[in-house]
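So you know, we letter chains A, B, ... as the sequences are listed, proteins then strands, and number each from 1.
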Number of protein chains: 2
Amino acid sequence: MASAKMGSMSRSEPLRSRNAEQKATDVLPPPEQHARQYAAVRSAHETELIEDYVELIGDLLEHSGEARATDVAARMGVSQATVARMVRRLNELGYVSNEPYRSLFLTEEGRRMAAWSRERHAIVLQFLRALGVDDATARIDAEGVEHHVSEKTLELMQRFANERDRGT
Amino acid sequence: MASAKMGSMSRSEPLRSRNAEQKATDVLPPPEQHARQYAAVRSAHETELIEDYVELIGDLLEHSGEARATDVAARMGVSQATVARMVRRLNELGYVSNEPYRSLFLTEEGRRMAAWSRERHAIVLQFLRALGVDDATARIDAEGVEHHVSEKTLELMQRFANERDRGT
DNA sequence: CGACAAACTTAGCGAGTGCTAAAAAATTTT
DNA sequence: AAAATTTTTTAGCACTCGCTAAGTTTGTCG
Ligand SMILES: [Mn+2]
Ligand SMILES: [Mn+2]
Ligand SMILES: [Mn+2]
Ligand SMILES: [Mn+2]
């Protein structure tokens with residue numbers, strides 16, 4: 001194979017066939033495409049924290065039957081004040097339903113987001129472990145990586161993890 | 001192989017050997033460890049933008065010989081005012097050296113960061129392509145993922161990409 | 001019941017990152 | 001060299017997400 005779509009090279013191939021380093025940054029993408037890359041990252045960062053809060057609240061509800069702000073704060077590693085403000089925002093966004101001074105619940109929409117985040121998180125984690133990463137490191141990396149992985153990539157990660165688990 | 005370092009399991013293995021779903025979230029990590037995961041993500045986010053700016057400036061210097069604020073703005077997809085403020089900050093942090101109204105240069109420290117970021121970025125990108133992700137998607141995912149990948153994971157990604165490139 | 005502790009809320013500060021609008025400097029064109 | 005254009009900087013606004021400090025509410029326990 002050695003070269004998917006030729007056309008730009010009429011005859012004198014540089015001989016060092018292609019990969020062998022390839023630099024990946026031998027040439028910069030056109031400015032607009034480049035900008036779209038960064039825009040995607042900025043966009044992911046807008047929802048990242050929200051997803052983690054919703055996912056965590058869902059996990060707490062599921063595992064301990066109740067999601068209290070203190071526990072969220074402890075697990076997020078932030079102050080209760082920070083959690084309080086975030087909870088208000090999640091409520092306004094329609095993910096959390098709660099009464100003052102009472103513990104937290106997810107709306108239908110919140111439950112949907114929690115389920116999806118949890119699934120995505122699990123796939124990334126299993127993938128990293130299948131790759132050979134130790135558990136503690138995999139958990140840390142997964143927490144950050146999960147928000148930046150497209151569905152296409154996720155699909156491939158899942159396939160890889162599954163194949164690695166049985167024989168192939 | 002099936003189990004690298006045993007020792008924690010003296011005899012009564014849970015029989016449903018292990019993987020087979022495993023849920024990954026069957027049980028939550030202890031609060032302090034959980035908090036450390038999120039802390040790592042927050043920490044990564046602090047340097048993320050800085051790394052991308054420095055990497056981009058380095059790339060521009062290398063590819064077009066000059067790094068102008070306009071080009072940085074165009075490629076980042078951000079206003080020139082945003083770039084100007086960020087450049088001042090990068091200067092204060094010791095990554096960029098520049099004169100008013102002149103184009104941008106990297107300090108020794110900045111060059112180190114650019115080189116390392118570029119390398120890490122390239123490995124993640126090559127890895128995603130090796131996994132089977134199409135180029136455009138791989139570029140987008142890599143831009144976000146690169147900042148959340150530990151050295152251990154990076155090492156494994158590189159190995160995977162290399163193996164996939166030749167035979168195995 | 002009353003007191004004390006724990007949990008939650010609110011107010012206000014600081015840093016970071018986006019924006020627009022307007023001014024200043026540099027560059028290019030005429 | 002003057003004018004026009006482009007580039008850079010500055011000022012000021014908005015929003016997010018940390019924090020501490022101070023107040024409210026709730027829950028527990030003697
Ligand atoms: Mn998560
Ligand atoms: Mn991120
Ligand atoms: Mn990068
Ligand atoms: Mn990046």
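Here the side chain of B:S79 is nearest to one of D:dT7, C:dC19, C:dC8, namely C:dC19. You'll find that the side chain of B:N98 is closest to D:dT9, out of D:dT9, D:dG18, C:dC8. The side chain of A:A81 lies closest to D:dA21, out of C:dC19, C:dG18, D:dA21.
With respect to B:E108 and B:R111, a salt bridge is recorded, a charged nitrogen being found less than 4.0 Å from a carboxylate O.
Screening A:H147, A:R112, A:E55 for a side-chain contact (heavy atoms from CB on, under 4.5 Å) with A:S117, the sole residue that qualifies is A:E55. Under the salt bridge (charged side-chain N to carboxylate O under 4.0 Å, His left out) test applied with A:R129, the options A:D141, A:D135, A:D134 reduce to a single match, A:D135.
Positionally, the nearest nucleotide of DNA chain D for B:E99 lies more toward the 5' end than for the other of A:Q80 and B:E99. Of the two residues contacting DNA chain C, namely B:Y101 and A:S103, the nearest-nucleotide position lying further toward the 5' end is that of A:S103. Across the interface with DNA chain D, nearest-nucleotide mapping of A:G77 and B:R85 shows B:R85 to be the residue nearer the 5′ end.
As rounded to whole Å, 16 Å separates atom C1' of C:dT9 from atom CG of A:L90. For A:R75 and C:dA7, the CZ to P distance is 15 Å, given to the nearest whole Å. Atom-to-atom, NE2 of A:H45 to C1' of D:dT16 comes out at 13 Å; the value is rounded to the nearest Å. The distance from atom CD of A:E51 to atom P of D:dC17 is 12 Å, rounded to the nearest whole Å. Taking atom CG of residue A:D71 and atom P of nucleotide C:dA6, one finds them 14 Å apart after rounding to whole Å. If you measure from atom CG of A:N91 to atom P of C:dT9, you get 10 Å, rounded to the nearest angstrom. One atom, CZ of B:R68, and another, P of C:dA25, lie 18 Å apart when rounded to the nearest Å. Between A:L49 atom CG and D:dC17 atom C1' there is a gap of 7 Å when expressed in whole angstrom units.
Taking only side-chain nitrogens and oxygens, B:R89 comes nearer than 4.0 Å to OP1 or OP2 of C:dT17. When the side-chain nitrogen and oxygen atoms of A:T82 are compared with OP1 and OP2 of D:dC19, one or more of them lie within a distance under 4.0 Å. The shortest distance between the side-chain N/O atoms of B:R102 and the OP1/OP2 oxygens of C:dT27 is below 4.0 Å. Neither OP1 nor OP2 of D:dT9 sits under 4.0 Å from any side-chain N or O of B:R88.
Among the heavy atoms of the strands, none lies under 4.0 Å from B:V83. Contact annotation for A:A69: backbone-only contact, meaning every heavy-atom pair under 4.0 Å involves sugar-phosphate atoms and none involves a base.
Residue B:I123 is not grouped with residue B:M113 when hydrophobic side chains (ILVMFWY) are merged at heavy-atom distances under 4.5 angstrom, including chains of intermediate members.
Aromatic ring centroids of A:H45 and A:H148 lie under 6.0 Å apart.
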